[in-house]
Q: 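The structure's right below; bear with me while I get my questions together.
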Amino acid sequence: MAGTVDMNEIIDERAAWVSRRAFLDQDVYEQEQQRVFRRCWLFLGHESQLLKPRDFFTTYMGEESVIVNRDRHGQLRAFLNTCRHRGMRVCRADRGNTAAFTCPYHAWTYDSTGALTGVPKFEEAYYGDLNKADWGLHPVAQVDTYKGLIFGTFDPEAESLTEYLGDMAWYLDTILDRRAGGTELVCGVHKWIMKANWKVAADNNSGDWYHVYSAHGSIPKIIPLPPDMPPIFHDDEHRVQIAPHPGHAMVGLLADTPEDAVRGSMQSIRDYYISTLPEAIERLGPVRSRFLLIAGIVFPNFGWIPGSQTIRQYHPRGPEKMEVWSYCLVDKEAPEEIKEQMRRGYVRRFGPSGMFEQDDGENWSQVSASSRTSLARTLEFNYQMGLGHERVHPELHGEIGNADAELTHRSFYKRWAEEMGYESRVAT
């Protein structure tokens, strides 16, 4: 790490402002890799990507390439995707099924448990004097699941995944547990590069309702809505920001009835959700069956936009670069024609060519472009909207703010500052 960052210069103790250096400096970026991405629980994928023993896919934890698989016994595992001999990636495929991973450089071979099983010329060149048990693939310290979602952390001492999610899980259940069959991914993974810091996207995804009127102002003019659906950006007292657990955040809607919380801009999709409401009400109860999660973030970089069937990651690729990975998440028990309509809606809205995505991408890239100059980088971003007006809600978990507020951003950046090593000075 190049140097320790003085967080007194980076963030206000209330997270009411954050220096632009947080989004530009190499020292900040490198410290994040050590203190955020090496210690937090990170989203890896979905169990529907690993249906059989020896299935695998590759992903990232921060900048680290990892293999996630089911071993020959069906156990979930994850390893650094780097050979222990000379560091070449042992897997260069996005996904597949294999009994072993063989390095293309010198052909060291590892089985599905990560154990080193094959070393060319083991007797002739090593004279049998290599303890293979010491040179297996480096494992991710902990791997766990929550209702189909796979997470991992490099920290062997990290709190459990359930503790890490906290009350955020209570809200995620409105998506993950509304039907007995749970969820699955369809249509693979969309991936694209953006010239912006990963936190710019994450703080937007945390619940930035304030931008939708201007950034997405043209969308309601071109998307036809069912006649019983309120305007897409309709604003009333039912829409709120929520900080349910340190760092995690969302904007959502608590409707008067479960029917009022039904999402989907296509009538057929709304009809599907209406038809499955009795099951959802039974599983979720009287409060969560009336709750609509609009957008949110699981700290640090796992985003949710359920109305468009979207979950995504913002993988860091440098202070001013990220790689967005986007997935389409649907109810596993939904009819195939409904899944296909959901997939099409996802692509139109938040895929790499989606209407909302284009609006956001332009703003995020220009945030970085306009901030990197010598004078502009000395300024701060302002996050004080609604500060001091937070409240509790009799039916919801966590701290509550108006939809037009920056409670979610402050929750995100307070947690970020704590993970960066300054928990003693950041107010809670």
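Computed from a prediction, not measured in an experiment: that's the story for all the values here.
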Q: Testing the basics here: between A202 and P300, what is the closest heavy-atom pair and its distance to 0.1 Å?
A: CB-O, 3.8 Å
Q: Do any N or O atoms from the side chain of T145 and from the backbone of G148 form a donor-acceptor pair under 3.5 angstrom?
A: no
Q: Check this for me: does any side-chain nitrogen of one of R415 and E419 sit under 4.0 Å from a carboxylate oxygen of the other?
A: yes
Q: Can you tell me how far apart CD (E340) and SG (C328) are? Round to the nearest 0.5 Å.
A: 9.5 Å
Q: Are the side chains of F350 and R312 in contact, using a 4.5 Å heavy-atom criterion?
A: yes
Q: Is it the case that the side chain of Q142 and the backbone of D155 share a donor-acceptor pair, with hydrogens and angles ignored and the cut-off at 3.5 Å?
A: yes
Q: Does either side chain, that of T109 or that of T102, offer a donor lying less than 3.5 Å from an acceptor on the other one?
A: yes
Q: Using only heavy-atom distances, determine whether the side chains of S112 and D71 contain a donor-acceptor pair under 3.5 Å.
A: no
Q: With heavy-atom distances below 4.5 Å as the criterion, would you say the side chains of K321 and K195 are in contact?
A: no
Q: Nearest heavy-atom pair of S326 and T310: which atoms, and what distance?
A: OG-CG2, 3.7 Å
Q: Check whether the side chains of S368 and E320 place a donor and an acceptor atom closer than 3.5 Å, and report yes or no.
A: no
Q: When you measure from the side chain of N81 to the backbone N and O of C91, does any donor-acceptor pair fall under 3.5 Å?
A: yes
Q: Taking ring pair (Phe, Tyr, Trp, His ring centres under 6.0 Å) as the criterion, tell me which of F154, W198, Y29, F43 meets it with F37.
A: W198
Q: Quick check for you: to the nearest 0.5 Å, what is the distance between E64 atom CD and L80 atom CG?
A: 5.5 Å
Q: Does E184 form a salt bridge (charged side-chain N to carboxylate O under 4.0 Å, His left out) with K339? I'd like the steps, not just the answer.
A: CA-CA 10 Å; E184 66 178 357; K339 293 180 184 179; 2.5 Å; yes
Q: If you take all heavy atoms of L185 and S48, which pair is closest and at what distance?
A: N-OG, 3.1 Å
Q: I'd like to know if the side chain of T276 pairs up with that of R179 as donor and acceptor (distance under 3.5 Å, no hydrogens or angles considered).
A: no
Q: Do you see a donor-acceptor pair shorter than 3.5 Å between the side chains of W325 and E323?
A: yes
Q: Only one of W108, F56, Y110 forms a ring pair (Phe, Tyr, Trp, His ring centres under 6.0 Å) with F101, so which one is it?
A: F56
Q: On the ring face of Y60, is R317 found with NZ or CZ under 6.0 Å from the centre and within 45° of the axis?
A: yes
Q: Provide the closest heavy-atom pair for I281 versus P258 in the form atom of the first, atom of the second, distance.
A: CD1-CG, 3.8 Å
Q: By the salt bridge (Lys or Arg N to Asp or Glu O under 4.0 Å) test, which pairs, at least two apart or in different chains, include something from residues 198-214?
A: E32-K199
Q: Does V298 reach the side chain of L165, with side-chain heavy atoms less than 4.5 Å apart?
A: yes
Q: Hey, are the side chains of V262 and L277 touching, using non-hydrogen atoms and a 4.5 Å cut-off?
A: yes
Q: For the backbone of G296 and the side chain of N205, can you confirm whether one donor and one acceptor N or O come within less than 3.5 Å of each other?
A: yes
Q: Testing the 3.5 Å rule here: is there a donor-acceptor pair between the side chains of E30 and Q34?
A: no
Q: Could you verify whether a donor N or O on one side chain and an acceptor N or O on the other, from D27 and Q31, lie under 3.5 Å apart?
A: no
Q: Answer yes if the side chains of R391 and N402 hold a donor-acceptor pair under 3.5 Å, and no otherwise.
A: yes
Q: Would you call R290 and E395 a salt bridge, taking side-chain N to carboxylate O under 4.0 Å as the test?
A: yes
Q: Does Y383 have any ring-ring contact (aromatic ring centres under 6.0 Å, His included) partners at least two apart in sequence or in another chain, and if so, which?
A: H409, Y413
Q: So, taking the atom named OG1 in T58 and the one named CG in D94, what distance separates them when rounded to the nearest 0.5 Å?
A: 5.0 Å
Q: Which heavy atom of W209 sits nearest to which heavy atom of A403, and what is that distance?
A: CB-O, 3.4 Å
Q: Please assess W364 against Q366 for the test side chain to side chain donor-acceptor pair (under 3.5 Å), listing each intermediate value before the final yes or no.
A: CA-CA 5 Å; W364 298 344; Q366 289 303 308; over 6 Å; no
Q: Are any of the side-chain heavy atoms of R77 and V68 separated by less than 4.5 Å?
A: no
Q: Identify the heavy atoms of L76 and E47 that sit nearest to each other, and give their distance.
A: CD1-OE2, 4.2 Å
Q: Can you tell if the side chain of L254 reaches within under 4.5 Å of the side chain of H238, non-hydrogen atoms only?
A: no
Q: Can you tell me if R70 uses its side chain to pair, donor with acceptor, with the backbone of D55 under 3.5 Å?
A: no
Q: In terms of side-chain heavy atoms, does D173 have a donor or acceptor partner in Y146 at a distance below 3.5 Å?
A: yes
Q: What I'd like to find out is whether the side chain of E406 reaches to under 4.5 Å of the side chain of F412, using heavy atoms alone.
A: no
Q: Could you state the interatomic distance from CG (L176) to CZ (R283), rounded to the nearest 0.5 Å?
A: 11.0 Å
Q: Between T113 and D111, do the side chains contain an N or O donor and an N or O acceptor separated by less than 3.5 Å?
A: yes
Q: Assess the side chains of T153 and Y164: does a donor N or O sit below 3.5 Å from an acceptor N or O?
A: no
Q: Do Y346 and C187 have side-chain heavy atoms sitting under 4.5 Å apart?
A: yes
Q: Can you confirm whether the side chains of S411 and H248 place a donor and an acceptor under 3.5 Å from each other?
A: no
Q: Any chance you could measure D360, atom CG, to S365, atom OG, to the nearest 0.5 Å?
A: 10.5 Å
Q: Nearest 0.5 Å, what's the CZ-SG distance between R35 and C40?
A: 12.5 Å
